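Read the structure below first, then the notes.
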Protein chains: 2
Amino acid sequence: MVKRRKSKVLPPPSRCPLHQCMRLLSGAWTADVVWYLREGKRCFTELETDIEGVSAKMLTNRLRKLEHDGVIERCTKRTSPPTVWYVLTPVGQELCGALANVVDIAQRLKRTQVTRP
Amino acid sequence: MVKRRKSKVLPPPSRCPLHQCMRLLSGAWTADVVWYLREGKRCFTELETDIEGVSAKMLTNRLRKLEHDGVIERCTKRTSPPTVWYVLTPVGQELCGALANVVDIAQRLKRTQVTRP
DNA sequence: CCGTATCCATGACGATACTG
DNA sequence: CAGTATCGTCATGGATACGG
């Protein structure tokens, strides 16, 4: 397998809680997944379509991560073919709400910026 | 040399505002800088000390980025040697407050998680 | 339909040395 | 003090092919 040669690149110092919490949403497409689940359940392919540009690999990756972190839940039904969908957990919904505030302020920031090349 | 074939790495699709806003805080140490400025002005070396593990290069990088985004402000006084310090802009402070909420929820998420190795 | 596996280009970041 | 310049490495994630 892979040999660890020099340990790590980023030994988590993270004395500030923000740093820790950012890890929840770090990585490409992570925020998008949360965002597109805010209105209700979506199945894999729906998300794949919603989030234009994401690959199946990354989508799976992010879904697993978010599931593990307790932000979303994976639900299955044994039909034929079996169906799978994802929803935000209650806490995930709260997270989404709090993020909406951040988005709001972020948009104000863009307006604040001086337009300069 | 290296052949560039396709050049495109990430053509910002970002139809969701969250994606856009995450870019504000993306990258290592970005969140930390904001966090450590929340209590007032800090000069370069203070931040370098606060944020243990950050290199001068990255700190400069992040400070420039955040300044450009309107989150922080760079202030100088022409003493000898000249002094420089950084503060959150008003909107930057709001951002910081909104992030505090996210942190709060993120911490609840950690408690929700099933403990498994 | 819902993924998993592999391959490798890109760039983010750490280390280090240098400057006004 | 407050940076800038350069280099090397590793992790991220896109492309592609395959499996249940």
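Naming: A, B, ... by sequence-line order, numbering from 1 per chain. Just so we're clear, the structure is a prediction, and the values are computed from it rather than from any experiment.
- One can place CZ of A/R42 at 14 Å from P of C/dC1, the figure rounded to the nearest angstrom.
- Whole-Å rounding puts the B/M58 CE to C/dA15 P distance at 12 Å.
- With rounding to whole Å, A/N61 atom CG is found 16 Å from D/dA15 atom P.
- Summarising the geometry, the separation between CD on B/E52 and C1' on C/dG14 is reported as 15 Å, rounded to the nearest angstrom.
- Computed from coordinates, the B/R78 CZ to C/dG20 P distance equals 16 Å when rounded to whole Å.
- Rounding to the nearest 0.5 Å gives a distance of 11.5 Å between CZ of B/R62 and CD1 of B/I72.
- Salt bridge present: A/R108 and B/E94 bring a charged side-chain N and a carboxylate O closer than 4.0 Å.
- A/T89 places a side-chain N or O within donor-acceptor distance of the main-chain N or O of A/G92, the cut-off being under 3.5 Å.
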Table of protein N/O atoms under 3.5 Å from nucleotides 1-5 of chain D N/O atoms:
residue: D/dA2; atom: OP1; partner: B/V84; partner atom: N; Å: 3.3
residue: D/dA2; atom: OP1; partner: B/V84; partner atom: O; Å: 3.3
residue: D/dA2; atom: OP2; partner: B/T45; partner atom: N; Å: 3.4
residue: D/dA2; atom: OP2; partner: B/T45; partner atom: OG1; Å: 2.6
residue: D/dG3; atom: OP1; partner: B/R64; partner atom: NH2; Å: 2.8
residue: D/dG3; atom: OP1; partner: B/R74; partner atom: NE; Å: 3.4
residue: D/dG3; atom: OP1; partner: B/R74; partner atom: NH2; Å: 2.7
residue: D/dG3; atom: OP2; partner: B/Y86; partner atom: OH; Å: 2.5

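- In this structure, NZ of A/K77 is placed 16 Å from C1' of C/dC1, rounded to the nearest angstrom.
- Atom CH2 of A/W29 and atom C1' of D/dG14 are 10 Å apart (whole Å).
- Taken from CG in B/D50 to CD in B/E52, the straight-line distance is 10.0 Å, to the nearest 0.5 Å.
- In this structure, the side chain of B/E46 engages the main chain of B/C43 through a donor-acceptor pair within 3.5 Å.
- Atoms CD (A/E48) and P (D/dG14) sit 12 Å apart, rounded to a whole Å.
- B/L18 is not connected to A/V87 by any chain of hydrophobic side-chain contacts under 4.5 Å among Ile, Leu, Val, Met, Phe, Trp and Tyr, and they are in different clusters.
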